[in-house]
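Scroll down for the structure; my scribbles are underneath it.
Sequence lines set the chain letters: A, B, ... in the order given, protein chains first and strands last, and positions in each chain run from 1.
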Amino acid sequence: MSENLLKIENITMQFGGVVAVDNLNLEVNKGEIVALIGPNGAGKTTAFNVVTGVYQPTNGAVWFQGEKIIENHPQGKMKAMYKGQHAGEYSQILAPTPDKVTRLGMARTFQNIRLWKSQTVFDNVLIAKHCRVNSNVFSAAFRLNRKEEAEQRANVEALLETVGLADVKDELATSLPYGKQRRLEIARALAAEPQLLLLDEPAAGMNPQETDELTAFIGEIRERFQLTIFLIEHHMNLVMDISERIYVLDFGELIAQGTPAEIQNNKRVIDAYLGVSEDA
Amino acid sequence: MKRESKSGAWMVLLGAAALLVLVTALENTLNPTSNIMLFMALQKGAVYALVAVSMNLLNGFTGLFSLGQAGFMLLGAYTYAILTMPVENREAVYYIYNGCAVNFSLPELLGGGPVGLVLGVVIALILGGCAAAAVAWLIGLPVLRLKSDYLAIATLGFGEIIRAIFQWDKLGPVTNGANALKSFPTFSSFNIPGGLRLSTFMAFLLAGICIAVIVLLINSTYGRAFKAIRDDEVAAEAMGIHLAKHKRLAFCISSFFAGVGGGMFVMFANQAQAKTFTTAMTYEILLIVVIGGIGSVSGSCIAAFLYVAASEWWLRFLDTEIILSNGFKVPFLRTGFRMVVFSIIIMIVVLFFRRGIMGDKELPDLLRPRRKEGAGK
């Protein structure tokens, strides 16, 4: 196996008395497409939110590019309430905000599309470049960063060309059809120049044709941008098609992991998820 | 697209220059005493335009609903007044407190004369803005964690507190307590005796420069980040925009220009007194922002002039009783009726222009051949 890009280590996320993610361990290697699947409410999105810094985990650590970026342990009231494992193993508190995590090289999309509604397609992507800007507010306001700005615009232009949105770049983001909005959200994430792309149900609400297009699109961008992709998805066709490895969550716990073929024949997974809700 | 925005910039620059020339021409051809209302409206309009645009930067472009504008104006106003008042006048102005604790004046320090005056005034205005920005940074630390209405209430409270502090007796040697500060350089100080009258020109020039800087900021990468925060905070943060930093930045910059606007307001009003910077003033400015269009700089400017002209000038006649030649007394006309009519006009405007006069468009957008618009809202 190649180099380890993302490592989730003993992550437990407990909200009050509810354990949403229980002792999750998973690894995403460089260049892989890894899927996280499971029934609704299994804690997939919670796991995503922990990795991207939206939630601070109750216990455990997250490693990215060989560096520990997130770590926490139960404190205060949570100390007595904590129901998970590995208590006491972690002593540091590392809680970067989501923007910091993004700047480290991890960009995400959202389950329910969150584009900047009043902005054009072009501006949506251009704004995502802001986190890579070197100029300060004065040099930006007085146009001393003209070179950087021009470079950014050229980059965005090229990016839109690659993802096939160049012809609609001056339209309002919200006026695009649904499938293209999804594509735009991915393009926006790519503009932040990530190593790891996190896709939260990229095919949610898509028809079979759009799903096929998306499957091809994800494969394409991985090749072109040398990305590692970690996704949550319910469309089993898409998941089985493109992922190299799959993790299955149920009630916050990891119940299986392996290649698509292994997962498809796993008894526990079929009982918990595949068997009952194939088309859900 | 880029060429288009460049030609737009030239258009705006040309328009601004033409406006300045027009104002100077008006000022030097019309009789200043018989047209006093016109020039008053123009000067106050310019000041309010600047303050409204600074508020729009925060409320319209960053999506932070703040009502502290009058408080920041007050900071700028006092800083300006205290730093520019000629030393020889201080004894008379601060007579209750036996003179002023601050005994220098920037225009005099800079050598006096026209050069000292211009430099001193500009530097004092900038320092006034800096004072407002510094205070904004401090109160921003706790306050900017709040959202929408809560932020509005917190900043509203800040404005009231600042006003109370500046009226405090113990600070009298600096702020002159509840009494007015007077006899500092005003817009009319820029009229060259026996030569060009430049008071309104000065108001327009200062406001124009400040608004231009705000526009440049809004169109820069930071301005785009502000708009992203307004549209969707969660997405903005996920795309690497540091929320706390950018909100604080917008808050401080907005306060800076509110401070400069406060300094200009006392230049217009000829005296600085804490009791003028009430919450009602913030509401006036908020009204201008809403009428002009939340998220439109040109809308704020246009609305500022319309608002000031309508409230101070055009409707004045409603306040005086008129008896026609046949002895018929026109009903309703009496002191205070102006404000009734004015309120009704505002309600009508808000009803018919729900998103303000300009919506979130700018003036050059309207002049340009209309872009193909999508089906979106």
Problem set entry | Inter-residue atom distance Ser139(A).OG - Tyr222(B).OH, 0.5 Å rounding | 7.0 Å
Problem set entry | chain B contacts, top residue of Arg143(A), Lys100(A), Met106(A) (heavy-atom pairs, under 4.5 Å) | Arg143(A)
Sequence neighbours left out, cut at 3.5 Å: what donor-acceptor pairs do the side chains of residues 203-214 of chain B make with other protein atoms?
none

Seminar exercise, completed: Honestly, the part of Gln152(A) sitting under 4.5 Å from a heavy atom of chain B is side chain
Exercise. What part of Ala244(B) gets closer than 4.5 Å to chain A, counting heavy atoms only: side chain, backbone, both or neither?
Worked result: neither
Exercise. Is the CD atom of Glu67(A) crowded by more than 12 outside heavy atoms at less than 6.0 Å?
Worked result: no
Problem set entry | Side-chain (Arg224(B)) to main-chain (Ile127(A)) donor-acceptor, under 3.5 angstrom | no
For this session: Decide side chain to side chain contact (heavy atoms under 4.5 Å, CB included) for Asp232(B) and Leu115(A); before the verdict, give the C-alpha distance in whole Å, the side-chain angles of both, and the deciding distance to 0.1 Å.
Result: CA-CA 7 Å; Asp232(B) 192 326; Leu115(A) 291 168; over 6 Å; no
Seminar exercise, completed: Interface check, chain B: of Gly53(A), Ser135(A), Ala128(A), Ala192(A), most non-hydrogen pairs under 4.5 Å belong to Ser135(A)
Problem set entry | Portion of Leu249(B) that has a non-hydrogen atom of chain A nearer than 4.5 angstrom | side chain
Exercise. From Asp99(A) CG over to Lys245(B) NZ, what is the distance, rounded to the nearest 0.5 angstrom?
Worked result: 9.0 Å
Exercise. In Å, rounded to the nearest 0.5 Å, how long is the span from CE of Met239(B) to NZ of Lys129(A)?
Worked result: 10.0 Å
Problem set entry | Residue list, salt bridge (Lys or Arg N to Asp or Glu O under 4.0 Å) with Glu9(A), at least two apart or on another chain | Lys7(A)
Exercise. Just by modelled atom types, is the His130(A) backbone N or O under 3.5 Å from a matching donor or acceptor in the Thr221(B) side chain?
Worked result: no
Exercise. Under the salt bridge (Lys or Arg N to Asp or Glu O under 4.0 Å) test, which residues partner Lys44(A), sequence neighbours left out?
Worked result: none
Exercise. Listed by residue number, which members of residues 197-205 of chain A have a heavy atom under 4.5 Å from any heavy atom of chain B?
Worked result: none
Exercise. Side chain of Trp116(A), backbone of Asp231(B): donor and acceptor closer than 3.5 Å?
Worked result: no
Exercise. Which of the residues Leu126(A), Val101(A), Thr109(A), Val133(A) is involved in the greatest number of heavy-atom pairs with chain B at under 4.5 angstrom?
Worked result: Leu126(A)
Exercise. Is any side-chain heavy atom of Thr97(A) less than 4.5 Å from a side-chain heavy atom of Leu243(B)?
Worked result: no
